[in-house]
Colleague: 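This is the structure I have questions about; it appears just below.
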Amino acid sequence: MKIKINGKATSTDSSSLFQLMSERRIAPDNLIVILNGFQTPEDLPVHDGDEVVFIEKGKMPDRTEFEAMMSARHTPHIYEKLKQARVALAGLGGLGSTIAVALARTGVGKLHLVDFDVVEPSNLNRQQYKIKHLGMKKTEALKMELEEINPFITVLIDTAKIAEDNIPHLFAEDDIVCEAFDQPDAKAMLVNGLREHFPNKKIVAASGLAGYESGNFIATKRLMKNLYLCGDGTTEARIGRGLMAPRVSICAGHQANMVLRLIMGMEDA
Amino acid sequence: MITLNGRIVDDADELSVAALLSRENYVSSRVAVECNGRIIPKAQYEHKQVTDGDVLEVVCFVGGG
């Protein structure tokens with residue numbers, strides 16, 4: 001029968017996972033076995049068309065096996081849809097950098113990073129940058145991080161300040177745009193510009209995620225046909241109320257999950 | 001009579017969008033406004049009038065990101 005092992009089409013006479021392991025002389029120690037997206041320690045039967053991934057812990061696979069291993073826990077047709085998608089991150093602060101990391105791990109095929117700023121120390125309390133990135137353009141620093149997390153996606157960057165006049169040019173090719181700015185006027189400017197120029201484009205925006213109020217107040221709402229808003233809607237950053245990783249991450253998680261749902265064709269919040 | 005974020009508002013007919021936003025305590029630079037499913041460009045806030053039966057959605061943003 002024909003099966004796939006670590007992404008490669010293979011013929012075998014083995015009818016179970018343990019037989020396959022002995023046929024390929026793979027020791028069971030330090031081994032992770034994934035059958036059709038499900039990790040198992042058992043000697044399960046193997047059928048024609050199955051996808052099997054063997055991962056030897058601590059051993060660096062070659063590049064062709066690596067992508068099969070990274071996507072081994074995804075359901076195959078989900079992975080293919082994700083790979084076709086192109087998502088923009090407008091602003092690469094606490095929200096944008098965190099959404100980008102989640103979508104890179106999920107395997108979204110093209111991520112488009114847009115920001116004009118450089119990484120500075122006050123970013124490190126909630127943004128996905130490290131000491132080594134201080135002084136770098138956020139676009140370049142985050143691209144570096146994302147390529148270390150998932151080398152099988154394409155990261156496109158535009159180091160530019162987003163304004164009314166460059167919105168039509170910057171976001172023309174993106175299927176979904178995440179609004180991930182800090183300033184309320186900039187958030188409104190981007191959402192207005194996108195809705196005017198691209199009424200059919202999906203926007204996933206954020207409002208109300210500062211402080212350490214309950215994380216349970218943060219929710220995703222569909223407010224217009226193609227506008228989703230994540231956050232509690234009211235808790236703004238102001239003098240005496242900061243922005244910190246836990247609540248910013250909750251909101252970024254909401255945004256990333258809404259993006260994933262939209263890619264999979266689910267339009268309800 | 002118009003509908004504003006799902007709420008019936010009786011005395012808004014003939015007001016401009018800018019006047020309505022101001023009366024409802026919105027800061028116009030921080031909102032996006034949709035009228036009957038279409039976005040209203042900011043440049044039209046001053047002269048576009050709200051008319052009877054309009055359904056308006058106002059999305060307001062607060063800072064933090």
Side-chain angles (χ1 to χ4, degrees), chain A residues 90-99 126-127 164 178-199 203 205-211 221-238 241-244 247-248 251-252 255, chain B:
Chain A
L92 302 176
L95 294 171
S97 65
T98 306
I99 298 165
R126 68 191 189 285
Q127 306 185 13
E164 273 174 24
C178 292
E179 178 282 306
F181 287 153
D182 189 28
Q183 296 298 317
D185 291 18
K187 288 171 178 284
M189 179 274 296
L190 177 65
V191 169
N192 277 293
L194 289 169
R195 296 286 286 124
E196 281 175 42
H197 295 288
F198 305 108
I203 308 167
S207 180
L209 45 107
K221 290 179 183 153
R222 187 182 192 179
L223 293 184
M224 296 177 182
K225 183 168 178 282
N226 288 320
L227 176 65
Y228 298 83
L229 190 66
C230 305
D232 65 24
T234 56
T235 313
E236 63 186 329
R238 56 166 164 74
R241 186 196 286 140
L243 287 164
M244 285 156 292
R247 218 158 181 266
V248 173
C251 191
Q255 285 181 279
Chain B
M1 189 184 81
I2 64 154
T3 307
L4 177 64
N5 290 354
R7 177 170 58 93
I8 303 289
V9 177
D10 273 327
D11 51 352
D13 298 14
E14 310 301 310
L15 282 180
S16 69
V17 172
L20 177 66
L21 289 173
S22 158
R23 199 186 73 178
E24 298 285 328
N25 295 320
Y26 286 108
V27 178
S28 69
S29 64
R30 298 182 175 185
V31 298
V33 184
E34 202 179 59
C35 181
N36 305 324
R38 304 186 70 151
I39 199 82
I40 304 175
K42 282 228 188 284
Q44 294 179 15
Y45 284 8
E46 289 295 335
H47 61 263
K48 183 180 166 57
Q49 287 194 331
V50 177
T51 55
D52 191 43
D54 279 351
V55 177
L56 279 100
E57 272 313 311
V58 179
V59 179
C60 182
F61 294 93
V62 302

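Scope of the values below: all heavy atoms of this structure, side chains included, with no hydrogens, waters or symmetry mates.
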Colleague: Among A:K187, A:M224, A:K221, find the one that has a side-chain contact (heavy atoms from CB on, under 4.5 Å) with B:V59.
Modeller: A:M224
Colleague: Between A:A186 and chain B, with a heavy-atom cut-off of 4.5 Å, which part of the residue counts as in contact: side chain, backbone, both or neither?
Modeller: neither
Colleague: For a quick test of reading the model, state the closest non-hydrogen atom pair linking B:E34 to A:K225 and the distance between them.
Modeller: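 Closest heavy-atom pair between B:E34 and A:K225: OE2-N, 4.4 Å.
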Colleague: Checking A:T98 against chain B: side chain, backbone, both or neither under 4.5 Å from a heavy atom?
Modeller: neither
Colleague: At a heavy-atom distance under 4.5 Å, which candidate from A:A188, A:G94, A:G96, A:G208 has the highest pair count against chain B?
Modeller: A:A188
Colleague: If you count every heavy atom of other residues, nucleotides or ligands that lies below 6.0 Å from A:R222 atom CZ, does the total exceed 12?
Modeller: yes
Colleague: Apply side chain to side chain contact (heavy atoms under 4.5 Å, CB included) to A:E164 and B:K42, showing your working.
Modeller: CA-CA 11 Å; A:E164 273 174 24; B:K42 282 228 188 284; 5.8 Å; no
Colleague: Without swapping roles, check the side chain of A:R126 against the backbone of B:G65 for a donor-acceptor pair under 3.5 Å.
Modeller: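 Such a contact is found between A:R126 side chain and B:G65 backbone.
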Colleague: Heavy atoms only: give me the nearest B:G64-A:A237 pair and the separation to one decimal.
Modeller: CA-CB, 4.1 Å
Colleague: Which atoms of A:R238 are under 4.5 Å from chain B, going by heavy atoms: the side chain, the backbone, both sets, or neither?
Modeller: neither
Colleague: Go through the atoms of A:L243 and report whether side chain, backbone, both or neither lie under 4.5 Å from a heavy atom of chain B.
Modeller: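 Side chain of A:L243 only, per the 4.5 Å heavy-atom cut-off to chain B.
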Colleague: With side chain to side chain contact (heavy atoms under 4.5 Å, CB included) as the test, would you mind laying out the steps for B:V62 and A:T234 before giving the verdict?
Modeller: CA-CA 6 Å; B:V62 302; A:T234 56; 5.6 Å; no
Colleague: Testing the basics here: between A:S207 and B:C60, what is the closest heavy-atom pair and its distance to 0.1 Å?
Modeller: OG-O, 3.7 Å
